[in-house]
Number of protein chains: 2
Amino acid sequence: MSGHTQTALQLQPVQAQPANARKPLPPSVAGLNLLENLGVSIVVRRDQEIYGQDDPAEYYYQVISGSVRTVKLMADGRRQVSEFLLPGEVFGFDALDRYDFAAEALEDALVRRYPRRRVEALAGQDAALSQRLRQLMNAKLRQAHDRMLVLGRMTASERIASFLLQLADRAAGPIELAMSRRDIADYLGLTIETVSRTLTMLKADGTIRMFKKCRLEIRNRAALEAMASERRH
Amino acid sequence: MSGHTQTALQLQPVQAQPANARKPLPPSVAGLNLLENLGVSIVVRRDQEIYGQDDPAEYYYQVISGSVRTVKLMADGRRQVSEFLLPGEVFGFDALDRYDFAAEALEDALVRRYPRRRVEALAGQDAALSQRLRQLMNAKLRQAHDRMLVLGRMTASERIASFLLQLADRAAGPIELAMSRRDIADYLGLTIETVSRTLTMLKADGTIRMFKKCRLEIRNRAALEAMASERRH
DNA sequence: CGAGCACTTGAAAGATTTCAAGTCCAGTGG
DNA sequence: CCACTGGACTTGAAATCTTTCAAGTGCTCG
C-alpha cells in the first residue's frame with residue numbers, strides 16, 4: 001500500500017502519456033480534451049472504491065494510469081464485472097442518475113474526473129462536445145453488446161481466448177493481468193477454477209506464457225484466434 | 001403473410017396509442033416528439049428485416065405497433081437476440097456508423113424512422129434534444145448492463161423468470177409472446193428445449209398460464225419473483 | 001385431410017461448477 | 001536471513017445443470 005505510479009496531479013492533455021508505451025490512445029478518448037480544465041486528477045489505491053453502485057452519478061472519469069474495474073453485486077453475492085479499464089479509457093457513463101456499477105482500482109491508479117453537470121451544461125452549448133459524448137456512449141453500448149454474445153453464446157475456452165485477445169489489442173506490449181482470477185471469472189461469467197484450468201491448458205500447449213504472476217505473453221496468436229471462435233470445445 | 005395491424009401511415013404523435021391498452025408509454029420515448037415532422041412511418045411484415053447487421057446506420061427507429069427484435073449472428077450460426085421492442089420503444093441507437101445488430105419484425109408492425117444525420121444536426125442546435133438522445137442511449141446502456149448479469153450469472157430458471165417479469169412490466173395486461181422459443185432462447189442464452197421445459201414447469205405449478213399459443217398470464221407473481229433471484233435451482 | 005413447422009418431452013452426453021485438497025508466494029515475525 | 005501464515009491460484013474428482021440427440025405431439029396453412 002505505498003508508492004503510486006504518480007503522485008502529482010496531472011493536468012496536461014492525456015495525449016501525452018509517456019509513462020508506459022501504450023498505443024496512440026483509443027479514439028474514444030479524444031473529445032474529452034475540450035474540457036481539460038474541468039478535470040481533476042485523483043489518486044486511488046489498489047481495491048479502493050472510486051464510486052459505489054447506486055451512488056449518485058456526479059462525475060465522468062478517465063483512467064490516466066493504472067487500471068480500474070466496474071462491478072455489480074447481486075444480493076446473494078454473485079458478482080458481474082462489466083469492464084476493465086486501461087489508461088486513456090473513460091468510465092462512469094453508464095449512469096442516468098446513479099451509477100449502475102461500482103468502480104474500483106485494480107491497482108494503484110490515477111484517474112481524472114469531470115463534473116457531470118458541468119460537462120452536460122457545456123455539451124448543451126457545444127455541438128462537437130455533445131456529439132463526442134454521444135460517440136463515447138455509443139462505443140460503450142457496442143462493447144456491452146459484444147459482451148452479450150460472449151456471455152450468452154460462447155464456451156469457456158472461447159471466452160478466455162477472446163478476453164486475452166481483447167486485452168492484447170488494447171495494451172501494447174506484454175499483457176499485464178492486474179486483475180485476479182476472480183475478477184476474470186466474474187467478467188466472463190465463469191468460475192475461478194474454470195479460468196485457472198483454461199489458462200493452464202493454454203500454458204501447457206504453448207499458446208501463452210506467463211511470467212512473475214501477472215505478466216502474460218501471447219506466443220501463438222493464431223491458436224488463440226481459432227479458439228476464440230470455435231464451436232463447442 | 002397478410003393483413004398488417006395497420007396499413008395507413010400514422011403520423012400522429014405516438015402518445016395517442018388507442019389500439020391496445022398499453023401503459024402510458026415508457027419515459028424513454030418522450031423527447032423524440034421534438035422531431036415528429038422528420039419521422040416517416042414504415043410498415044414491416046412478420047420476420048421482415050428492417051435493417052441488417054453491419055448496414056450503415058442511417059435511421060433511428062421507434063416502434064408504433066407490433067414488435068421488433070434485434071439480433072446478431074455469429075459465423076457458425078449461433079445467434080444472440082439483444083432486445084425485444086414493444087410499441088413506444090426506440091431502437092437503432094446501437095450504432096456508431098453501422099448497426100451492431102439486425103432488426104426484424106417479430107410480427108407485422110409499424111415503425112417510425114428518423115434520419116440520423118438530420119436528428120444529430122438538430123441535436124447540435126437543440127440542447128434539450130441532445131440531452132434526450134443521451135438519455136435514451138443511457139437507458140439502452142443500462143439495459144445492456146442488466147442483460148450482462150442475466151447472461152453471465154443467472155441460472156436458466158432465473159433467466160426465464162426475470163424475462164417474464166420484465167415483459168409483464170412493459171406490456172400492461174396479459175403478455176403476448178410474439179417471439180418464438182428460439183427467439184427467447186437466443187435472448188436468454190439458452191436452448192429452446194430448456195426454455196420449453198422451464199415454461200412447462202411454470203405451467204405445471206400454476207405460476208403462469210398460457211392461452212392459444214402466445215398469450216400468457218402470470219398467476220403467481222410472487223413465485224416468479226422468488227424464482228428470478230434464487231441461487232441455484 | 002395432410003404436410004410442415006414449432007413446440008414438448010425423454011434420455012444420454014457434456015461442459016462447468018462445486019467441493020476438497022494441494023501448491024505457491026508474499027509479507028511477517030522470529 | 002529464514003521459517004511461518006494467509007491468501008490466491010491450481011488441480012482433482014464428483015455432482016449438476018444444460019445441452020444434445022431423438023422422438024413425439026399438436027397446430028396452422030394449404
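Sequence lines set the chain letters: A, B, ... in the order given, protein chains first and strands last, and positions in each chain run from 1.
For B:Ala156, counting side-chain heavy atoms from C-beta on, the closest listed nucleotide (D:dT20, D:dT18, D:dT11) is D:dT18. Checking D:dT11, D:dT10, D:dT19 against the side-chain heavy atoms of B:Thr191 singles out D:dT19 as nearest. When distances are taken from the side chain of B:Ser196 to each of C:dT8, C:dA11, D:dT18, the shortest belongs to C:dT8. Candidate nucleotides C:dT8, D:dT10, C:dT18 were compared by shortest atom distance to the side chain of B:Arg181, and C:dT8 ranks first. Checking C:dT17, C:dT9, D:dT18 against the side-chain heavy atoms of B:Leu190 singles out D:dT18 as nearest. Considering only side-chain atoms of A:Thr200, the nucleotide from D:dT11, C:dT16, D:dT18 that sits closest is D:dT11. With distances taken from any side-chain atom of B:Thr194 to the nucleotides D:dA13, D:dT19, C:dT8, the minimum falls on D:dT19. Counting only heavy atoms from C-beta on, A:Ser180 has its side chain closest to D:dC9 among C:dT8, D:dC9, C:dC19.
A:Phe84 is not listed as a side-chain neighbour of A:Val68, based on a closest heavy-atom distance of 4.5 Å or more. Put simply, the side chain of B:Tyr61 does not reach to within 4.5 Å of the side chain of B:Val90, judged on heavy atoms.
For the residue pair B:Ser41 / B:Arg112, a side-chain donor-acceptor distance below 3.5 Å is found, with atom types taken as modelled.
At a cut-off of 3.5 angstrom, the base of C:dT16 holds no donor-acceptor pair with the side chain of A:Arg159. Residue-to-nucleotide contacts include no donor-acceptor pair under 3.5 Å from the side chain of A:Arg182 to the base of D:dG7.
Between B:Ile192 atom CD1 and D:dA22 atom P there is a gap of 15 Å when expressed in whole angstrom units. Summarising the geometry, the separation between CD on B:Glu193 and P on D:dC21 is reported as 10 Å, rounded to the nearest angstrom. Rounded to a whole Å, the CG atom of A:Asp186 is 13 Å from the P atom of D:dA8. The distance from atom CZ of A:Arg197 to atom P of D:dT10 is 11 Å, rounded to the nearest whole Å. Separating the CE atom of A:Met201 from the C1' atom of D:dG12 is a distance of 17 Å, rounded to the nearest angstrom. For the pair A:Arg153 CZ and C:dA15 C1', the computed distance is 15 Å after rounding to whole Å. Put simply, CG on B:Leu177 is 9 Å from P on C:dC7, counting in whole angstrom units. What separates CE of B:Met154 from P of C:dT17 is a distance of 16 Å, to the nearest Å.
Contact check on B:Arg147 versus B:Glu83 returns no salt bridge, with no Lys/Arg side-chain nitrogen under 4.0 Å from an Asp/Glu carboxylate oxygen.
Taking the six-membered ring for Trp, B:Tyr114 and B:Tyr60 have ring centres at least 6.0 Å apart.
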